[in-house]
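Just so you know, these numbers use all the heavy atoms, side chains as well, and skip hydrogens, waters and symmetry mates. Since we're looking at a predicted model, the values are computed, not measured.
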Amino acid sequence: MPLPSPSFQTLTLLGLLFRLALLVYGEYQDAHFVVKYTDIDYIVFTDAARFAYGGRSPYDRDTYRYTPLLALLLAPNVWLHRAFGKCVFVASDLVVGYLLQRILQLRGMDARRAARHTALWLLNPVVANISTRGSVESVMGALVLASLYCLLTRRFYAACALYGLSVHFKIYPVVYALPLLSLLDESYRPPREVWRAGCMVLAVLGIGSWGDREDGEGREGEDDDQGDVDVGRASGNNRESGVLVTVMSYAHAAIRFVTPTRVMFGLLSGGVFFALTGIMYQGYGEEFLEHTYLYHVTRKDHRHNFSVWFYYMYLTLDSPSGRLLGVLTFVPQLALVAVVGAAFGRDIFFACFLQTFVFVMYNKVCTAQALWLSSAYRLEFLGENTFRTIWLASLAMFAVNCWIVVELVRSHMFEYMFARSGKVRWVWGNGEVSTVAVASAS
């Protein structure tokens, strides 16, 4: 007889105890081993928090490349206990687990089965190791996932605020903007005042004719056929007009994409981002912009790295071509991320996952030390020249990751997030059928 599945509450307790045990062990390893358990970034966070708490700039600490909000958040590291920040990161881990559980249930999975899937996060030793070593990524995961969850549960204002905060905290969640905007299609029902405010903005800009629609019913794409007919009449049948038809068709689609809901999401989340950024700029000036955002555009890391680009960066570290490469590496990375976001945006969780995978795969800084501990230890601790070995390993890893992306796309079954009624579609259970199935049946 199979054992009963543990409840989500039991799993959360186990996940918490597991992380607390790692925190205690981490203190022991830090005190007795040459290789420390605590991530070097956490030491940087604590030093920056000490400066901020003392009224100085957190950027007085070399290599601090984050928003001052993080240093202020971790100020209790200075006056309470040095592990306070790790506890914050552990709490964020548990918040992610809670959000995963809620989202799975929201999409039709029963609580026990959802708990088994959530256990892959809560009891995952890699996840627990990252947060208990002092990485801030669990906070980022909680912010991004919370913004998605709020959109699904119609907490529009909270979703905008959380997304704006996440982009301010670390700039990379901006890549999720395209799938988020794609998600807010004709099936999404925003608060009425959001829709009306968006209509007013578009009316001022002279874009679209949304003002006569009360709450978005029948919006986006409603008059697409008429637009195509008008373009066709204007085009005639000659070859030159064929190009015009194509151009006009894309222009029409772009205009129809600019809906009141999407405009308001951009304005509100962007407003939160720029408000926080403005406040931090007022307090810390140019060094805030340089270290928090601009540094990551030109950053080159030729040692602490597992990127496919790193060896060439090492060979051209101080040359003009090396500086140019630091910028050009963004071209394939951002192009692929944009294509993924546009193609899978309405299947939001797969889109964000695949965007993240591609973003990291093509990133010029990829600190996946756990995959090459021997070579990394010899390079960073013993000073041996293992650059070529690491480069060959990075090429192998890149090739494997390319294969994984292809297989993920080929095997994925696209699932719209919302049904035409505006409700979240059930992927598991007897929820509403997909919009594709509705269209085929009709």
Side-chain angles (χ1 to χ4, degrees), residues 99 103 106 140-211 213-222 253-278 334 337-338 340-353 355-356 416-425:
L99 292 170
I103 290 168
L106 193 63
M140 295 305 305
L143 287 174
V144 172
L145 202 58
S147 64
L148 292 172
Y149 177 71
C150 286
L151 278 181
L152 299 189
T153 54
R154 296 301 192 276
R155 297 175 173 91
F156 187 81
Y157 297 111
C160 294
L162 287 166
Y163 183 63
L165 174 60
S166 69
V167 176
H168 169 80
F169 219 83
K170 290 187 77 170
I171 194 66
Y172 75 82
V174 74
V175 302
Y176 305 135
L178 187 54
L180 280 169
L181 292 174
S182 297
L183 178 67
L184 301 176
D185 61 4
E186 67 275 8
S187 301
Y188 188 81
R189 301 289 185 264
R192 288 179 180 270
E193 66 272 14
V194 169
W195 178 259
R196 289 168 180 164
C199 290
M200 292 175 60
V201 172
L202 290 178
V204 170
L205 297 176
I207 300 176
S209 54
W210 306 91
R213 305 176 195 188
E214 190 62 24
D215 61 353
E217 286 288 344
R219 59 187 184 270
E220 192 183 337
E222 174 180 89
I255 291 173
R256 298 303 301 171
F257 187 81
V258 184
T259 64
T261 306
R262 288 168 175 152
V263 166
M264 291 307 298
F265 182 83
L267 289 176
L268 292 173
S269 59
V272 171
F273 168 77
F274 284 111
L276 291 172
T277 301
L334 296 183
V337 165
V340 168
F344 299 101
R346 295 183 185 183
D347 190 353
I348 187 71
F349 293 104
F350 181 74
C352 290
F353 161 73
Q355 279 189 311
T356 305
Y416 284 103
M417 185 58 58
F418 296 108
R420 286 185 173 178
S421 65
K423 296 179 180 179
V424 175
R425 288 187 55 249

Undergrad: Using the side chain to side chain contact (heavy atoms under 4.5 Å, CB included) rule, take W195 and R189 through it: C-alpha gap first, then chi angles, then the decisive distance, then the call.
TA: CA-CA 9 Å; W195 178 259; R189 301 289 185 264; over 6 Å; no

Undergrad: Can you name the one residue among L143, V272, L276 that meets side-chain contact (heavy atoms from CB on, under 4.5 Å) with H168?
TA: L276

Undergrad: For I348 and F418: C-alpha separation, side-chain torsions, deciding distance, then whether side chain to side chain contact (heavy atoms under 4.5 Å, CB included) applies.
TA: CA-CA 10 Å; I348 187 71; F418 296 108; over 6 Å; no

Undergrad: Give the minimum heavy-atom separation between P190 and T261, together with the two atoms involved.
TA: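 Residues P190 and T261, closest heavy atoms: CG-OG1, 3.3 Å.
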
Undergrad: Are side-chain heavy atoms of V144 and C352 found at a separation under 4.5 Å?
TA: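 V144 vs C352: side chains apart.
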
Undergrad: Step through the shown structure and confirm whether more than 12 heavy atoms of other residues, nucleotides or ligands are within 6.0 Å of CE on M140.
TA: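 Count over threshold, so yes.
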
Undergrad: Which label fits F350 and F353: parallel for a plane angle under 30°, tilted from 30 to 60°, or perpendicular past 60°?
TA: tilted

Undergrad: Search all heavy atoms of T259 against all heavy atoms of R256 and return the closest pair with its distance.
TA: CG2-O, 3.4 Å

Undergrad: When you compare the side chain of Q355 with that of P179, does any pair of heavy atoms fall below 4.5 Å?
TA: yes

Undergrad: Please walk me through it: do F344 and V340 pass side chain to side chain contact (heavy atoms under 4.5 Å, CB included)?
TA: CA-CA 6 Å; F344 299 101; V340 168; 4.2 Å; yes

Undergrad: Does the side chain of L180 reach to within under 4.5 Å of the side chain of R262, using non-hydrogen atoms?
TA: no

Undergrad: Less than 4.5 Å apart, any side-chain heavy atom of Y172 and any of T356?
TA: no

Undergrad: Side chains of V194 and Y157: closer than 4.5 Å at any heavy-atom pair?
TA: yes

Undergrad: Are L148 and Y176 side-chain neighbours, meaning at least one heavy-atom pair lies under 4.5 Å?
TA: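 When only atoms from C-beta onward are counted, Y176 and L148 do not touch, as no gap falls below 4.5 Å.
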
Undergrad: Let me confirm one number: the CE-CE distance from M200 to M264, rounded to the nearest 0.5 Å.
TA: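 M200 CE to M264 CE: 9.5 Å, rounded to 0.5 Å.
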
Undergrad: Search all heavy atoms of C150 against all heavy atoms of A158 and return the closest pair with its distance.
TA: SG-CB, 3.9 Å

Undergrad: What do the steps show when you test Y163 against F273 for side chain to side chain contact (heavy atoms under 4.5 Å, CB included), and what is the final call?
TA: CA-CA 8 Å; Y163 183 63; F273 168 77; over 6 Å; no

Undergrad: Below 4.5 Å, heavy atoms only, C-beta onward: do L184 and L151 meet side chain to side chain?
TA: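 Of all side-chain heavy-atom pairs linking L151 with L184, at least one is under 4.5 Å.
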
Undergrad: Just so I know, are the side chains of L205 and V258 near enough to count as touching, which here means a heavy-atom distance under 4.5 Å?
TA: no

Undergrad: Between M417 and L152, what is the shortest heavy-atom contact and its length?
TA: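 Of all heavy-atom pairs spanning M417 and L152, the closest is CG-CD2, 3.5 Å.
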
Undergrad: Establish, for the pair R425 and Y416, whether the NZ or CZ atom is under 6.0 angstrom from the six-membered ring centre and no further than 45 degrees off its axis.
TA: no

